[in-house]
Amino acid sequence: MLSINQKEALRNLPAVNTILQLPEIKELITKSNFELISDITAKIIDKERESILTTESPKNISISDILDKITNQYNKLTSAHLHPVINGTGVILHTNLGRAKLSKEAILAVQNAAVNYSNLEYRIDEGKRGSRYEHVEELLIQITGAEAALVVNNNAAAVFLILREMAKDKEVIVSRGQLVEIGGSFRVSEIMVQSGAHLVEVGTTNKTHRYDYERAITDRTGLLMKVHTSNFKTIGFTKEVCLKTLVEIGKENNIPVYEDLGSGVLYDLKKHRIGEEPTVQEAVAAGADIISFSGDKLLGGPQSGIIVGKKQWIERLKKNQLTRSLRIDKMTLAALEATLRHYVLDEAVEKIPTLQMILMNQKTIEERSQLLYQMLLPIVDKKATIAIIDGYSEVGGGSLPDVKLPTKLIAIKPNNISLHRFEQKLRTNPPNIIGRVNDEQFLLDVRTLGFEEFPIIQEKINSVL
Ligand SMILES: *Cc1c(COP(=O)(O)O)cnc(C)c1O
């Protein structure tokens, strides 16, 4: 039984045809097309009817509310949903904001691959079918010193493929201290179950010894796996078995050794005293049979999973049917190739934005903060207080969790609107500025801001205050 209010509300709900006759809607139809607008309108009216039928005492909805809903839905469908944002958080590899920014050369390569036909899987000189992996394999061999290489969609896919090919129905020995969960609930233990490999945990949370691995080896053991604990750090009374020792154990028992490096640094940040991340080159030199890492973390390229190692294993991985389902797209491949070339030419630090931001010196940071401060000072006037304060940037993306990079922050405290409202307005309307908030200030870290974004920030803050 409908209540009186419900009957009243239903009676007042306009018909789709009535709405479609309104001048505002006619204008939308002229801008787009009749099918789209009538469909949006019908769905909104249906939803309103549904809501009336399920609410005890529904309110009458006004025509102008309906018009707003139609316009909002129209805007949602017709403007880019995935669009740029300004990253003022100081988190360089912000997974939610798209991780690594690509180099100019990588962007150009993507464009070329997208616009044109290419030799993606074609050997020009032979006029025959080729392999998409050929475009980056030589580069990866040159940079890392490995025998062979393969790339897939992302590192999660690489881990899965490796476990499936090398250890299906076999046991994989992993230290308890390395059973990580990466953001987005990717767990090594669960990927293991999915792959058909059987996890054998050894050691304790804080300590794992050589003998822990040796005692766990049986004739069912298929792989010794080391997982780089990218996103956390254990301190205090701890012990890990190093890759070199693991390789020794593997050799003695004729079992392959795999390291999931996670971040995949090709450029040694340790020589700048930034973190203790082992490079891919070091893992190769230590003798791992197979190594995997991400393309869009510390490497600074597109989303991809890179596998390097001994030829016999890479050949097997290439032949696995699963590789086809996990395969890398041509635009990604183009960006990855261009990014890897920066390493071969020893110009990674000058060209790759991720490395530039990590290695940005204090003088540059100081200059940038002064410039942005001077640009904001006149527009802020008496509407807010503004200052440059000291702070720290983070590498992010589950990389180098204990590294804090000293930086300068522009701190703004609005006087006429609440801090919460200020932050929300900067964040929600385009151009979207994402910053940090502490107890009483809105903070913008200049390390992750581009010069070209300064005037946009200036204008946006001016309009919000
Ligand atoms: C980030 C990470 C992954 C997942 O890599 P994606 O490229 O994000 O799929 C796997 N293992 C480790 C140790 C990682 O740090």
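Worth saying up front: this structure is predicted, and the values here are computed from it rather than measured.
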Salt bridge (Lys or Arg N to Asp or Glu O under 4.0 Å) evaluation trace for Arg436 with Asp445: CA-CA 8 Å; Arg436 281 192 249 162; Asp445 188 332; 3.2 Å; yes
From CA spacing to verdict: salt bridge (Lys or Arg N to Asp or Glu O under 4.0 Å), Lys363, Glu367: CA-CA 6 Å; Lys363 185 161 160 282; Glu367 282 166 7; 3.4 Å; yes
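Ion pair Glu121/Arg327 flagged as a salt bridge, since at least one NZ, NE, NH1 or NH2 atom sits closer than 4.0 Å to an Asp/Glu carboxylate oxygen. Between Lys207 and Glu240, no side-chain nitrogen of the basic residue sits less than 4.0 Å from a carboxylate oxygen of the acidic one, so the salt-bridge criterion is not met. Of the charged side-chain nitrogens involved, none lies within less than 4.0 Å of a carboxylate oxygen, so that Glu165 and Lys319 do not count as a salt-bridged pair. Between Glu201 and Arg176 a salt bridge is recorded (basic side-chain N to carboxylate O distance below 4.0 Å). Salt bridge present: Arg210 and Glu214 bring a charged side-chain N and a carboxylate O closer than 4.0 Å. We find that Glu282 and Lys270 are joined by a salt bridge, their nearest charged nitrogen and carboxylate oxygen being less than 4.0 Å apart. Ion pairing between Asp46 and Lys43 fails under the 4.0 Å rule for side-chain N and carboxylate O.
Formation of a donor-acceptor pair under 3.5 Å by the Gln281 side chain with backbone atoms of Leu266 is found in this model. Side chain of Thr448 to backbone of Asn87: a donor-acceptor contact under 3.5 angstrom is found. At least one donor-acceptor pair under 3.5 Å links the side chain of Asn116 to the backbone N or O of Asn112. Remark: the backbone N or O of Tyr74 is paired with a side-chain donor or acceptor of Thr78 at under 3.5 angstrom. A donor-acceptor contact shorter than 3.5 Å is absent between the side chain of Thr221 and the backbone of Ile217. Of the possible donor and acceptor atoms, one in the side chain of Glu137 sits under 3.5 Å from a partner among the backbone N and O of Ala149. Checking side-chain atoms of Lys168 against main-chain N and O of Ser195 turns up no donor-acceptor pair under 3.5 Å. Side chain of Gln178 to backbone of Val227: a donor-acceptor contact under 3.5 angstrom is found. With His228 contributing its side chain and Ser263 its backbone, the two residues share no donor-acceptor pair below 3.5 Å. Listed for the Gln362 side chain is a donor-acceptor partner under 3.5 Å among the backbone atoms of Pro406.
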Donor-acceptor contacts, no H, no angles, side chain residues 344-356, under 3.5 Å, sequence neighbours left out:
{"unit_1": "Glu347", "atom_1": "OE2", "unit_2": "His342", "atom_2": "ND1", "d": "2.8"}
{"unit_1": "Lys351", "atom_1": "NZ", "unit_2": "Glu105", "atom_2": "OE2", "d": "2.8"}
{"unit_1": "Gln356", "atom_1": "NE2", "unit_2": "Glu350", "atom_2": "O", "d": "2.5"}

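Residues Asn432 and Arg427 fail the side-chain proximity criterion, which asks for heavy atoms closer than 4.5 Å. Contact check for Ile410 versus Leu443: no side-chain heavy atoms found under the 4.5 Å cut-off. At a threshold of 4.5 Å between non-hydrogen side-chain atoms, the residues Thr245 and Tyr213 do not count as touching.
Side chains of Ser292 and Tyr258: a donor-acceptor N/O pair is present below 3.5 angstrom, by distance only. For the residue pair Thr279 and Asp268, no side-chain donor N or O sits within less than 3.5 Å of a side-chain acceptor on the partner. In this model, no donor atom of one side chain and acceptor atom of the other lie less than 3.5 Å apart for Asn320 and Thr323. For the residue pair Arg421/Gln424, the side-chain donor-acceptor check at 3.5 Å is satisfied.
Taking the ring centroids of Phe442 and His420, they lie at or beyond the 6.0 Å cut-off.
The minimum heavy-atom distance linking Thr208 with Val241 is given by the pair O-CG2, 3.5 Å. The nearest pair of heavy atoms linking Thr332 to Ser304 is CG2-CB, 4.3 Å. Here the closest heavy-atom approach between residue Leu333 and residue Arg132 is recorded as CD2-O, 3.2 Å.
Checked against side chain to side chain contact (heavy atoms under 4.5 Å, CB included), Ser38 has the following partners two or more places apart in sequence or in another chain: Leu20, Phe34.
Below 30°, between 30° and 60°, or above 60°: for Tyr211 and His209 the angle between ring planes is below 30°, a parallel geometry.
Seen from the ring of Tyr122, Arg129 does not count as a face-on cation partner, given the 6.0 Å and 45° thresholds.
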